[in-house]
Amino acid sequence: MVVSALLLSLVAGRLVDLHNRRTILVFCVCMWSVLTALCGTADSFRELVMFRFGVGFAEASVLPIAWSWMGDYFTSRHIPRAMSVFVCSS
């Protein structure tokens, strides 16, 4: 899951730059929920790895969206503190 999150966070960041952040966030939360449930139904190791890869992608999308929103809602003076609180809470 960590490898997929690392690799796909670049893709997720580009999607966030090009499309509506709220729509991407809703889609990724739904995708994360469905894929997490599917992990419990995996019949083989291959299926489990594929589902976990998808979970990693869905989770990787949250950070670029959060950082982008922080840039919108906080002044440049307060962004480091907001990001620190966000990262420490996760």
Problem - Residue pair F57, M31: steps toward the side-chain contact (heavy atoms from CB on, under 4.5 Å) verdict - result: CA-CA 9 Å; F57 175 72; M31 187 171 91; 3.1 Å; yes
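- Two different hydrophobic clusters hold L10 and I65 under the rule that ILVMFWY side chains link at heavy-atom gaps under 4.5 Å.
- Atom CZ of F86 sits about 9.5 Å away from atom CE of M83, to the nearest 0.5 Å.
- When hydrophobic clusters are built by joining Ile, Leu, Val, Met, Phe, Trp and Tyr residues whose side-chain heavy atoms come closer than 4.5 Å, directly or via intermediates, V62 is not grouped with V26.
- Nearest heavy-atom pair, C28 versus A58, reported as atom, atom and distance to 0.1 Å: O-CB, 3.5 Å.
- In this structure, CD1 on I24 lies 6.5 Å from NE2 on H19, to the nearest 0.5 angstrom.
- How far CD of E59 is from OG1 of T36: 7.0 Å, rounded to the nearest 0.5 Å.
- The two residues I79 and M70 make their nearest non-hydrogen contact at CG1-O, 4.0 Å.
- Residue-environment remark: CH2 (W32) stays at or below the threshold of 12 foreign heavy atoms within 6.0 Å.
- Paired with N20 under the rule side chain to side chain contact (heavy atoms under 4.5 Å, CB included), one option of T23, V16, L18 passes, and it is T23.
- Residue L48 holds its CG atom at 8.0 Å from OG of S44, rounded to the nearest 0.5 Å.
- Between V55 and C39 the shortest heavy-atom distance is CG2-SG, 4.4 Å.
- The shortest side-chain heavy-atom distance between W69 and L25 falls under the 4.5 Å cut-off.
- Closest heavy-atom contact between E47 and T41: OE1-O, 4.3 Å.
- Nearest heavy atom pair, residue A60 against residue A12, reads O-CB, 4.0 Å.
- Between the side chain of S33 and the backbone N or O of V29 there is at least one donor-acceptor pair closer than 3.5 Å.
- The line from CZ of F51 to CG of L35 is 7.0 Å long, rounded to the nearest 0.5 Å.
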